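Labels below follow one simple rule: chain letters A, B, ... track the order of the sequence lines, proteins then strands, and each chain is numbered from 1. Everything numeric here is computed off the predicted structure, so don't read it as measured data.
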Amino acid sequence: MAGSMVYRLRVERPDAPHMATFRSAMTAIQAITDNRGYNFIAGFHGAPGNYCWHHQASSRTPLQARLFLPWHRAYLWWLEQALQDQVDDVALPWWDWTAGTRLPPAYTARRVGGEPNPLAGSRISVPSAGLHRRTRRAAGRTQGVRLPTAAEIDDILDDTDWASFSDRIESVHDQVHVWVGGDMSDVTAAAFDPIFFAHHCMVDRLWYLWQVRHGNGGIPGDLLDLPLEPFGKTTREVLDAQRLGYEYASAATVISVPVGGGGNG
Amino acid sequence: MAEHDVVELYTFGPVDVGDEPYRRADLELYRINHFRPSFVARVFFNDPEVTAENASEERPSYAGTFAVLGHQRCFGDEGHCEVPTESRRFDDRPSHPLTRAFRRVVVTDALRRVLASYGELTVTIVVSARTDDDPGYDGDLLDFDGMQISQFS
């Protein structure tokens with residue numbers, strides 16, 4: 001039902017129903033060249049928007065402005081809403097990079113079911129930066145760089161301090177960017193690669209899991225009202241994932257109910 | 001453009017580290033320049049034998065890893081990637097995207113192993129990146145202003 005809460009599920013094999021739905025939405029949004037389209041939204045992160053929040057400071061707070069997690073949560077929400085403009089109730093999937101040593105096949109297959117796979121890449125078009133080409137990857141090719149392990153993530157999830165959790169998860173996140181390589185390893189063009197959003201959905205899920213364990217009490221008050229541009233939300237407004245219309249699940253099975261409801265009894 | 005690996009090694013110290021009891025110890029790195037290719041850095045303690053070629057996490061001296069997602073080169077007009085050194089009173093916009101970064105590595109167990117047998121600490125950082133023939137930066141891949149061990153009781 002349009003406008004329902006959605007469950008973000010794990011990235012699965014290409015023929016999984018939720019991946020097919022997601023591909024439909026991504027195909028539609030990649031074909032749009034105006035401000036509803038993927039190219040425009042991907043451009044928020046690096047070129048040409050340069051809105052992403054990684055290491056910046058803000059004179060609105062004397063504290064280190066750790067807005068990495070809130071900013072990217074708002075970014076995912078914005079893309080998810082744009083996708084839902086095309087396909088009802090579609091949800092972003094998360095790539096569990098602790099569970100394997102390769103990119104997921106759903107993001108590497110050139111074609112799925114005879115159709116071009118929109119998750120394998122996108123066309124970057126940023127005239128002001130002179131970028132007109134397909135995205136590139138070099139997964140696993142950087143010497144000595146591997147994907148994070150589940151044990152490392154469990155250790156970070158045990159960290160009770162907000163600032164420390166944020167710092168550590170951002171570093172792990174950076175490691176995955178380096179591992180994927182190509183455009184993902186540069187802030188400028190990273191978000192044009194569709195794997196960017198599956199990666200960040202995993203990062204956001206880890207924050208969600210951390211919030212379930214530890215709450216939001218450790219987030220400095222100074223940060224709560226800082227704006228997350230250009231999304232029109234503040235940090236406070238993105239603390240509760242449900243208010244943004246999603247939750248995380250490891251699996252979800254739809255059970256058909258006859259019109260009018262009721263079973264046999 | 002063809003890509004190739006860059007692996008660089010940096011050594012700092014030795015320094016004396018306090019022997020007060022602690023529950024957790026972090027290696028903190030300040031003002032890291034990320035107008036660079038993205039990199040992953042592995043940290044080793046008191047290991048004069050570690051090299052760019054043998055810097056494995058299997059070494060007993062391995063203390064932890066940090067990574068930095070960088071901006072390899074400027075895609076803007078002249079001045080686009082110059083970080084302002086002063087701020088105006090009424091300018092409370094977010095700072096420049098190339099504002100230098102902070103990283104922490106939890107090194108509690110590694111520091112305990114070192115301090116059990118040595119009084120001094122030498123830190124070796126091995127940095128790995130993949131870049132093309134035009135790396136777009138001068139100097140070292142790892143460029144930062146300060147580093148400290150913080151121990152928390």
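- With chain B as the partner, the residue from A:A138, A:S171, A:S59, A:A190 showing the most heavy-atom pairs under 4.5 Å is A:S171.
- With values rounded to the nearest 0.5 angstrom, B:F75 atom CZ is found 4.5 Å from A:L131 atom CG.
- Neither the backbone nor the side chain of B:R36 comes within contact range of chain A; no heavy atoms are under 4.5 Å apart.
- Heavy-atom pairs under 4.5 Å with chain A peak, among B:R93, B:H34, B:H80, at B:H34.
- Judged by distance alone, the side chains of A:T188 and B:R73 never bring a donor and an acceptor atom under 3.5 Å apart.
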Could you please spell out the steps behind the salt bridge (Lys or Arg N to Asp or Glu O under 4.0 Å) verdict for A:R146 and B:E57? CA-CA 11 Å; A:R146 58 166 176 77; B:E57 294 179 23; 2.8 Å; yes

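- The environment of B:R112 atom CZ is dense: over 12 non-hydrogen atoms of other residues, nucleotides or ligands sit within 6.0 angstrom.
- Interface residue B:D92: backbone and side-chain heavy atoms are both found under 4.5 Å from chain A.
- Closest approach of B:S38 to A:D186, counting heavy atoms only: OG-N, 4.2 Å.
- The 12-atom threshold is exceeded at OH of B:Y22, counting heavy atoms of other residues, nucleotides or ligands nearer than 6.0 Å.
- Of the listed residues (B:S128, B:S56, B:A41), the greatest number of heavy-atom pairs within a distance under 4.5 Å of chain A belongs to B:S128.
- Residue A:T142 comes nearest to B:D5 through the heavy atom pair CA-OD1, 3.6 Å, listed as atom of the first residue, atom of the second, then distance.
- For a residue to count as touching a neighbouring chain, one of its non-hydrogen atoms must lie under 4.5 Å from one of that chain's; by this rule B:V105 does not touch chain A.
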Could you please spell out the steps behind the salt bridge (Lys or Arg N to Asp or Glu O under 4.0 Å) verdict for A:D159 and B:R104? CA-CA 13 Å; A:D159 199 322; B:R104 75 169 74 237; over 6 Å; no

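- Within a 6.0 Å sphere centred on CZ of A:R213, other residues, nucleotides and ligands contribute more than 12 heavy atoms.
- Side-chain contact check for B:F102 versus A:R66: some heavy-atom pair is nearer than 4.5 Å.
- Using a 4.5 Å cut-off between heavy atoms, A:I156 makes no contact with chain B at all.
- For the pair A:H54 and B:P97, the minimum side-chain heavy-atom distance is 4.5 Å or more.
- Looking at B:H4, neither its backbone nor its side chain comes within 4.5 Å of chain A, counting heavy atoms on both sides.
- A salt bridge between A:R141 and B:E3 is absent, with no side-chain N of the basic residue lying under 4.0 Å from a carboxylate O of the acidic one.
- A salt bridge is defined here as a Lys NZ or Arg NE, NH1 or NH2 lying under 4.0 Å from an Asp or Glu carboxylate O, and B:D26 with A:R168 fails to meet this definition.
- Considering all non-hydrogen atoms of both residues, A:A57 and B:S95 come closest at N-OG, 2.7 Å.
- Within a 6.0 Å sphere centred on CZ of A:R102, other residues, nucleotides and ligands contribute 12 heavy atoms or fewer.
- Using a 4.5 Å cut-off on side-chain heavy atoms (C-beta onward), A:V178 and B:F39 make no contact.
- Interface remark: A:S128 contributes backbone atoms only to the contact with chain B (heavy atom separation under 4.5 Å).
- Shortest non-hydrogen contact noted between B:V68 and A:D174 is CA-OD2, 3.3 Å.
- By number of non-hydrogen pairs under 4.5 angstrom with chain B, the leading residue of A:R60, A:H177, A:Q175 is A:R60.
- Across all non-hydrogen atoms, the minimal contact from B:L69 to A:M184 is CD1-O, 3.7 Å.
- In this structure, no portion of B:D77 lies under 4.5 Å from any heavy atom of chain A.
- Contact record, B:T99 with A:H55: O-CB, 3.5 Å, taken as the closest heavy-atom pair.
- Using a 4.5 Å cut-off between heavy atoms, A:W179 does not touch chain B at all.
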